[in-house]
Amino acid sequence: VNDSRDQFEHVYQDCYAAVQRYVARRVAPEAIQDVVSDTFLTAWRRYGELRGEPLPWLLGIARRTAANQRRGGARRDALRERLSSERSVYAPHGLSDSDPLLAAALARLSERDREALTLVAWDGLEHRVAATVMGCSTGAFTVRVHRARRKLERALAGEQSNPIDVSREATSLP
Amino acid sequence: MKSHTTDVMSRLGAIDPARDTAIDATERAQLWQLIVASLAGSSALARRRTRLLRLTLVIPAVLVLSAGALGASGVIRIGAPAEPIKGYSASLRGGDLVNGTVRLLPVTAPSPGGGPPWGMRVFSTKSGEGCVEVGRLLGGKLAAIDQENASRDDGLIHAFVLDSTFGARQPICEERVHGNPR
């Protein structure tokens with residue numbers, strides 16, 4: 001047990017920053033620490049299942065933990081949304097400030113397409129590693145990224161001709 | 001098209017919401033301490049679970065061994081499983097037993113004539129009836145002794161069959177109005 005714990009501590013020290021940034025890109029600021037700690041606690045419980053590199057495995061756990069957190073948040077916000085009659089959009093903290101058109105185009109993509117693009121563009125992962133995070137083959141991931149890029153380009157072109165105000169809609173989110 | 005695609009990805013990379021996120025070493029150390037504390041807690045929980053599991057394995061074993069010892073000493077003499085009552089047809093009466101619905105009720109009554117106490121079990125049938133069956137309680141199972149028409153008048157105790165057919169005693173079945181008898 002002590003050997004496993006020492007190994008796990010090395011994994012924690014090596015991967016903490018990447019996991020923390022991954023989570024920061026996908027959940028509200030106040031939920032980051034909860035999701036990061038849940039990710040590592042789950043990882044410890046399932047440490048015996050680790051095969052291969054720890055980072056993509058950890059990011060896969062973080063992805064599911066963040067999704068659970070968002071679903072829980074969405075349920076809590078359902079009433080508030082209904083009362084405000086506004087559609088919620090994907091709007092990570094501060095994203096719409098720097099490039100509102102691109103943020104709006106990104107919000108129009110499906111969660112899987114968005115995840116494929118951001119694993120490459122934000123987390124800087126190779127396709128092989130990102131494929132492990134998403135639980136698919138490298139070939140399937142490459143195809144997904146290619147298609148997602150094209151969708152993003154089309155959505156961006158649509159935004160330039162018919163923009164929606166993401167920053168206004170994003171204010172309806174907590 | 002290639003350069004345009006690259007532009008989109010570069011533009012996307014430039015709006016990375018975590019690009020300015022600094023890693024706080026103190027926060028990292030505190031989280032590790034929290035994880036270590038949780039690991040210690042989960043180890044203690046695992047130890048408690050192991051102890052509980054041991055007890056759940058040991059107690060039935062003790063009961064079975066005790067029944068065996070009582071049988072060996074002649075206090076209780078155990079025979080073959082009870083045979084179904086002749087002429088009784090489960091499929092005609094209430095339909096076959098629904099597997100997994102048999103529940104032994106946590107009630108017992110001492111036998112005035114001595115011997116094991118009386119107990120009850122309930123189960124559902126495929127025709128939608130709820131049934132109650134009464135018998136002697138021995139080692140967590142229902143059984144009958146010879147004079148209760150369990151099998152032959154051999155002076156032995158005979159366990160009821162619990163699997164897919166009814167036991168030796170004809171159960172009391174009624175159409176269920178309140179769901180499964182559990």
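Naming convention: chains lettered A, B, ... in sequence-line order (proteins, then strands); numbering from 1 in each chain. Being a predicted model, the structure only gives us computed values, none of them experimental.
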Is it the backbone or the side chain of A:L152 that comes under 4.5 Å from a heavy atom of chain B, or both, or neither?
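Contact with chain B: side chain only.
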Taking the side chain from A:Y16 and the backbone from B:I23, do they hold a donor-acceptor pair closer than 3.5 Å?
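Not at all, since once roles are kept as given, no pair shorter than 3.5 Å links the two residues.
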Does A:Q13 offer a backbone N or O that forms a donor-acceptor pair with the side chain of B:W32 under 3.5 Å?
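A pair under 3.5 Å: no.
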If two hydrophobic side chains count as joined below 4.5 Å and joins carry through other members, does A:V143 share a cluster with A:M134?
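No, because A:V143 and A:M134 fall into different hydrophobic clusters, even though each may have its own neighbours under 4.5 Å.
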Is A:L50 reachable from A:L58 through a run of hydrophobic residues whose side-chain heavy atoms are each under 4.5 Å from the next?
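The answer is yes; both residues are in one hydrophobic cluster.
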With rounding to the nearest 0.5 angstrom, report the CG to CD1 distance, A:L102 to B:I15.
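Result: 4.0 Å between the selected atoms.
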Side chain to side chain contact (heavy atoms under 4.5 Å, CB included) assessment of A:R21 paired with B:D16:
CA-CA 10 Å; A:R21 288 198 175 100; B:D16 174 2; over 6 Å; no
Looking at A:R112, I'd like to know if its CZ atom is crowded, meaning that more than 12 non-hydrogen atoms belonging to other residues, nucleotides or ligands lie closer than 6.0 Å.
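Count not over threshold, so no.
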Output, in order, the C-alpha distance, side-chain angles, deciding distance and verdict of side chain to side chain contact (heavy atoms under 4.5 Å, CB included) for B:L31 and A:Q33.
CA-CA 8 Å; B:L31 179 57; A:Q33 281 311 104; 4.2 Å; yes
Check the pair B:E27 / A:Q20 against side chain to side chain contact (heavy atoms under 4.5 Å, CB included), numbers first and verdict last.
CA-CA 11 Å; B:E27 209 169 58; A:Q20 212 261 359; 4.0 Å; yes
B:R11 versus A:L156, closest heavy-atom pair with distance:
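What the structure gives for the nearest pair is NH1-CD2, 3.5 Å.
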